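Here the structure comes first, spelled out in structure tokens, and everything after it is commentary.
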There are 4 protein chains.
Amino acid sequence: MKAFVMHEIGKVGFMEKPVPEPGPTDVLVKATSALVCSSDIHTLSGAIGERTNLTLGHEAVGVIEKLGSAVEGFEVGQRVAINAITPCYQCLNCQTGHTSQCTQALGGWKFANVKDGTFADYFVVNDAKANLALIPDELSDEHALYATDMMSTGFMGAENGNIPLGGTVAVFAQGPVGLMSTAGARLLGAGLIIAVESVPRRQELARHFGADIIIDPFSSQDSVAQILDLTEGRGVDTAIEALGAQVTFENCVKVTRPGGTISVVGYFGEGEYVNIPRIDWGVGMAGKTITTGLCPGGSERMNNLMRLIVNKRIDPTPLTTHKFSFDELETAFKLMETKEDGIIKPLITF
Amino acid sequence: MKAFVMHEIGKVGFMEKPVPEPGPTDVLVKATSALVCSSDIHTLSGAIGERTNLTLGHEAVGVIEKLGSAVEGFEVGQRVAINAITPCYQCLNCQTGHTSQCTQALGGWKFANVKDGTFADYFVVNDAKANLALIPDELSDEHALYATDMMSTGFMGAENGNIPLGGTVAVFAQGPVGLMSTAGARLLGAGLIIAVESVPRRQELARHFGADIIIDPFSSQDSVAQILDLTEGRGVDTAIEALGAQVTFENCVKVTRPGGTISVVGYFGEGEYVNIPRIDWGVGMAGKTITTGLCPGGSERMNNLMRLIVNKRIDPTPLTTHKFSFDELETAFKLMETKEDGIIKPLITF
Amino acid sequence: MKAFVMHEIGKVGFMEKPVPEPGPTDVLVKATSALVCSSDIHTLSGAIGERTNLTLGHEAVGVIEKLGSAVEGFEVGQRVAINAITPCYQCLNCQTGHTSQCTQALGGWKFANVKDGTFADYFVVNDAKANLALIPDELSDEHALYATDMMSTGFMGAENGNIPLGGTVAVFAQGPVGLMSTAGARLLGAGLIIAVESVPRRQELARHFGADIIIDPFSSQDSVAQILDLTEGRGVDTAIEALGAQVTFENCVKVTRPGGTISVVGYFGEGEYVNIPRIDWGVGMAGKTITTGLCPGGSERMNNLMRLIVNKRIDPTPLTTHKFSFDELETAFKLMETKEDGIIKPLITF
Amino acid sequence: MKAFVMHEIGKVGFMEKPVPEPGPTDVLVKATSALVCSSDIHTLSGAIGERTNLTLGHEAVGVIEKLGSAVEGFEVGQRVAINAITPCYQCLNCQTGHTSQCTQALGGWKFANVKDGTFADYFVVNDAKANLALIPDELSDEHALYATDMMSTGFMGAENGNIPLGGTVAVFAQGPVGLMSTAGARLLGAGLIIAVESVPRRQELARHFGADIIIDPFSSQDSVAQILDLTEGRGVDTAIEALGAQVTFENCVKVTRPGGTISVVGYFGEGEYVNIPRIDWGVGMAGKTITTGLCPGGSERMNNLMRLIVNKRIDPTPLTTHKFSFDELETAFKLMETKEDGIIKPLITF
């Protein structure tokens with residue numbers, strides 16, 4: 001079968017691999033569509049170290065091709081969504097509810113990290129009982145794809161933020177995850193959502209997904225000052241960091257009211273430290289909480305997310321800015337690296 | 001009346017002040033005993049800026065001398081404990097439950113900050129209905145004093161830590177607040193408590209208050225490595241920062257398991273930033289939560305804390321290492337500044 | 001001034017009363033508009049015992065006429081909303097966050113219970129600092145009125161229900177509170193909302209406020225069976241009881257999945273007991289939680305609710321089915337008693 | 001091998017069964033010791049319907065005899081504790097954290113319910129990765145047995161009760177589960193624990209495990225009145241129902257303060273309904289929460305519980321009042337049925 005791999009840091013390409021065999025609790029899935037994620041780009045650039053001929057990809061839907069010997073409750077031919085994160089659900093961390101931290105920090109992330117990813121004609125889903133969700137007939141593949149990572153990760157940003165009903169939220173950066181944090185804040189009842197973003201297309205999408213006010217961080221007025229003004233000097237109940245940068249993290253701490261929450265969904269890829277501004281943090285005493293997390297997985301989660309699409313709470317597909325066939329995946333990767341042509345998410349069809 | 005004041009940064013002394021008059025919702029209290037807090041020392045050294053002839057002190061018990069015109073439910077002559085933090089309970093922040101952040105960050109802290117403190121023959125308690133607690137007959141003044149700040153602040157470190165019953169906890173630094181965090185972790189059902197402290201007397205008290213294992217941070221082996229060893233490499237469920245220093249904060253992040261909590265009770269007095277070690281923080285994705293807070297106040301809180309003493313769950317008085325009369329308060333301050341003579345808490349009697 | 005009172009159980013009418021004088025922490029408000037609540041009808045019929053010439057009414061907006069001597073932060077002439085519940089915020093129950101249970105069970109409810117209500121030219125708001133919220137210019141009196149009780153109470157039904165994002169909810173009964181629970185479930189991200197209601201106008205409003213599916217409890221098929229069918233036999237994550245009747249309470253327990261929540265917002269006015277069906281409750285072991293509550297009050301709450309209206313998350317005014325002048329209040333009461341003419345909420349203008 | 005079975009309702013006895021074969025994710029355990037649980041008695045009397053030759057027992061420790069083909073992380077010969085509840089951890093209910101409700105209400109309970117129990121020379125543990133915990137060398141089999149059900153269930157009563165640090169708790173009934181709820185409340189920082197129990201031996205144990213005050217429900221004074229007196233008329237923060245009877249459930253509602261929690265751990269075996277006293281429940285508005293649950297399982301849980309024993313927080317073995325060999329199991333059952341001879345828990349040795 002054909003697989004799109006990372007030969008080594010910085011070098012991608014297609015190669016032939018044998019169709020993998022599912023273990024007793026696994027399921028083999030035939031890929032039908034996929035999305036490319038910035039994490040794939042980070043991986044390629046060496047974020048998790050060297051990898052050799054590792055198949056990339058972790059946002060996928062497909063059709064069940066073969067069941068492991070101990071798998072019950074599914075049938076060959078069913079159309080399924082597979083979360084980017086595929087925990088075991090049974091280790092000590094999973095038992096505490098921190099399934100994305102399966103076995104170890106970030107350990108729920110297995111595709112294109114510790115095992116072959118989903119950019120291949122076929123791929124194996126571990127612990128299939130928990131990690132596969134049937135796609136409702138009402139939903140297209142494209143819809144379902146967004147339940148595998150973008151909605152789950154972005155919404156988590158809002159869920160971790162402890163937003164009071166009618167409360168105020170600022171979301172820093174409106175890439176696909178930030179946009180889904182904006183949408184998540186809206187879904188969870190925020191009364192005022194301020195999105196910080198400079199790219200016009202992303203600003204538009206931010207409005208589309210529920211932002212009330214857009215602040216351009218490169219405008220003449222400081223975005224922290226603007227947010228404080230918009231909240232009568234009190235700061236927001238919840239600030240969501242969706243970029244993974246020192247400046248936005250720091251601004252999150254600054255705009256959050258005493259007793260509020262800074263919810264991090266961005267990936268921090270650089271530097272030895274991420275720095276908390278001491279005074280704005282209330283010298284460690286202002287009751288500001290900083291939360292983090294990694295994409296919540298599982299069939300229950302995906303069912304809930306897909307229900308939101310079925311019942312018209314949200315349509316995530318405006319995130320799709322480009323479409324490619326599997327053969328053209330390298331082009332999609334290049335665009336995602338350069339962020340050219342206003343790309344947000346490219347849809348890949350097999 | 002006599003008051004012990006901060007004349008200016010770095011300069012303390014006694015002065016005569018008129019007995020203050022309570023407003024409609026206030027109560028005037030005649031001081032009977034007090035404790036000196038490190039915060040008093042920080043204030044004196046300029047931590048909150050210049051102050052002129054401000055009466056110091058915020059850990060106090062006394063006897064009700066006079067009731068404000070609108071105060072009900074108390075009587076002159078009652079023996080009362082007054083929390084270090086005296087919020088209004090009615091502003092927007094208070095209404096959200098973040099009473100220590102009354103009106104603004106740290107705004108519940110009024111004594112010896114925005115109004116005269118308790119080191120005086122008489123002092124006024126604002127919003128008396130909520131900020132006074134009757135002292136049970138079974139308790140001495142000294143017992144009750146510990147409910148006004150040390151127990152409340154230290155225990156909060158444990159309460160914010162989300163400790164699972166039987167879980168593992170590391171407490172960094174065993175000053176009076178850290179010791180009470182250790183005691184709090186014990187009271188809340190931690191199954192293993194590791195205290196990090198180098199001073200022998202504090203190590204002893206840590207054991208006394210519930211630590212199972214003491215680690216000397218200046219021993220040859222790294223304390224982070226020791227804590228990871230003691231938890232089979234998994235890290236603790238909860239790390240409590242009770243020093244307010246970069247090194248201990250950083251170590252807290254390092255020793256906390258994915259999905260665990262770093263609970264800050266230390267006061268961070270220096271530097272522009274407090275730095276989170278990026279990789280140990282799971283690049284912002286390991287589900288580690290960082291919480292902070294300021295001494296919870298109120299009569300309900302003090303009642304609960306005093307009940308723990310009455311019913312023999314804890315006796316905080318081993319924290320008292322020295323005793324002075326009000327006249328000797330300057331000596332007590334000097335000792336607290338230098339931490340000489342193994343001082344932990346000096347009891348002041350009026 | 002003119003006041004609309006309950007002379008005795010079952011007997012209402014207008015009478016002259018002197019304009020009341022605000023105490024030090026009170027504010028005197030000149031009424032401008034009001035809503036009639038079913039609770040007024042319950043009170044009139046004797047639900048809380050005999051009352052003599054007690055002014056009725058507790059959903060009101062008005063203009064500040066006079067400030068108590070100790071009140072700061074407000075000015076005469078400001079347009080304000082007053083919550084139906086006016087706690088002290090300072091007693092022991094209030095300090096725990098259960099402000100609606102001020103001093104004692106349901107003790108936050110003071111208007112038309114332990115003090116004169118708001119159906120008068122002027123009325124006094126106790127503990128004004130916390131119990132008054134300025135009405136934004138964008139909002140009409142009618143808008144703001146819904147923030148004083150209906151939205152707060154109904155939304156609480158959803159907030160107490162622990163609804164997972166995208167989860168399933170059933171709301172039993174679609175009176176004004178039930179409709180606001182439906183709206184609240186929608187605002188909080190429920191993925192499927194099933195409303196149980198037989199009255200066509202209320203069914204329509206249920207759809208308007210966010211219900212996906214309406215079940216008529218008097219149709220041929222059992223509503224419990226229908227709800228289980230709609231959730232693949234699993235039951236809903238959250239069932240909201242908004243009627244206060246044995247049959248709906250019992251059905252809530254039956255349709256809630258193991259581990260789910262039954263959230264009660266209905267007033268239970270009859271019988272010695274409310275009965276939990278033992279087997280459906282999992283013989284006390286199915287992890288089903290039953291929560292209750294009384295309208296959350298306070299300015300912070302009302303600010304949050306009004307923000308939802310300002311920013312177009314919800315417009316509660318379709319609940320207003322009738323309009324009367326203050327003079328016609330007795331007519332409005334009669335309609336509320338009989339529920340004739342499809343009445344939901346009558347708006348009263350002063 | 002020899003197995004102790006329920007031949008039919010009301011009839012037990014030994015019979016020969018073949019040693020079972022573990023499936024791919026199972027482990028075969030050789031029993032070494034066990035405890036008899038009241039649930040076994042309920043099962044025998046028909047509580048869950050007819051069963052034919054079903055092996056009884058669900059509180060067991062043993063030694064690993066054989067690993068399923070897909071099981072990693074364990075070795076033959078290891079000494080292990082097995083929780084009474086053995087969920088799959090991967091179904092939808094398990095994914096929400098309600099593992100004891102695996103697949104369906106109470107579905108995590110499999111031993112001696114839907115599969116053979118542990119009263120046999122060998123038994124099979126499903127989903128072994130999550131359901132086995134290694135026993136620390138410091139602990140005897142007897143110690144570890146209490147982590148499999150009694151401590152986990154009883155402590156859950158306290159954990160679900162939302163006890164504030166220093167708060168007040170009443171525990172109704174001091175059988176083995178109630179005693180462990182008392183111990184749990186103590187471990188979690190309750191400031192006052194009132195145990196309601198009439199049997200002298202159980203009263204003594206209640207004191208031993210942490211009760212401050214014992215109330216005899218058959219004494220001349222009403223236990224509700226006594227508890228209200230002991231809490232200045234306010235009621236307790238948390239009432240724990242550990243009997244499963246109408247009278248104690250009702251009393252729990254009566255003694256719980258507004259905003260407090262009634263935590264049910266008793267098994268309710270009789271009647272169509274369990275009845276909530278309407279007025280004491282605050283007509284559905286007093287903010288009283290009623291929680292329920294079934295023994296939390298899993299290796300993480302058992303590790304935490306065993307850590308509490310290792311580090312001397314608790315020694316559960318005073319619950320053992322009788323000891324029998326496996327051959328004498330029928331005698332133990334008889335005693336558990338009649339509760340004669342002051343039996344609390346009989347230890348069975350293989």
Side-chain angles (χ1 to χ4, degrees), chain A residues 21-27 67-74 80-83 85-104 107-108 114 124-134 147 152 156 159 295-307, chain D residues 21-27 67-74 80-83 85-104 107-108 114 124-134 147 152 156 159 295-307:
Chain A
E21 192 60 25
T25 59
D26 300 336
V27 155
L67 301 173
S69 58
V71 176
E72 294 178 358
F74 290 102
V80 288
I82 302 95
N83 196 277
I85 304 301
T86 52
C88 76
Y89 295 89
Q90 300 193 328
C91 71
L92 297 176
N93 281 357
C94 281
Q95 288 178 43
T96 65
H98 294 100
T99 52
S100 297
Q101 316 298 331
C102 177
T103 312
Q104 64 180 30
V114 297
V124 164
V125 182
N126 60 285
D127 300 284
K129 181 175 177 180
N131 287 316
L132 288 183
L134 299 183
S152 193
M156 177 195 72
E159 293 166 292
C295 179
S299 45
E300 172 83 4
R301 173 71 167 179
M302 287 190 287
N303 287 344
N304 281 347
L305 297 179
M306 290 191 289
R307 188 180 294 120
Chain D
E21 191 63 24
T25 59
D26 300 336
V27 154
L67 300 173
S69 58
V71 177
E72 294 178 359
F74 290 102
V80 288
I82 303 95
N83 197 277
I85 304 300
T86 52
C88 77
Y89 296 88
Q90 299 194 328
C91 72
L92 297 177
N93 282 357
C94 281
Q95 287 178 44
T96 65
H98 295 101
T99 51
S100 298
Q101 316 297 332
C102 178
T103 312
Q104 62 180 31
V114 296
V124 163
V125 182
N126 61 285
D127 300 284
K129 182 174 176 181
N131 287 316
L132 287 184
L134 299 183
S152 192
M156 177 195 72
E159 291 166 294
C295 177
S299 45
E300 172 82 3
R301 174 71 166 178
M302 288 190 286
N303 287 345
N304 281 347
L305 298 179
M306 291 192 288
R307 188 180 294 118

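To find a chain, count down the sequence lines: A is the first, B the second, and so on, and within it residues start at 1. On a predicted model such as this, the values are computed, not experimentally measured, just so you know.
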> At a heavy-atom separation under 4.5 Å, does Cys88(D) approach chain A through its side chain, its backbone, both, or neither?
Replying inline: both
> Atom SG in Cys94(A), atom NZ in Lys129(D): separation rounded to 0.5 Å?
Replying inline: 7.5 Å
> Which answer fits Asn131(D), side chain, backbone, both or neither, if we ask what part of it has an atom under 4.5 Å from a heavy atom of chain A?
Replying inline: neither
> So do the side chains of Arg301(A) and Gln95(D) get within less than 4.5 Å of each other, counting heavy atoms only?
Replying inline: no
> Checking heavy atoms, do the side chain of Thr25(D), its backbone, both or neither come under 4.5 Å from chain A?
Replying inline: side chain
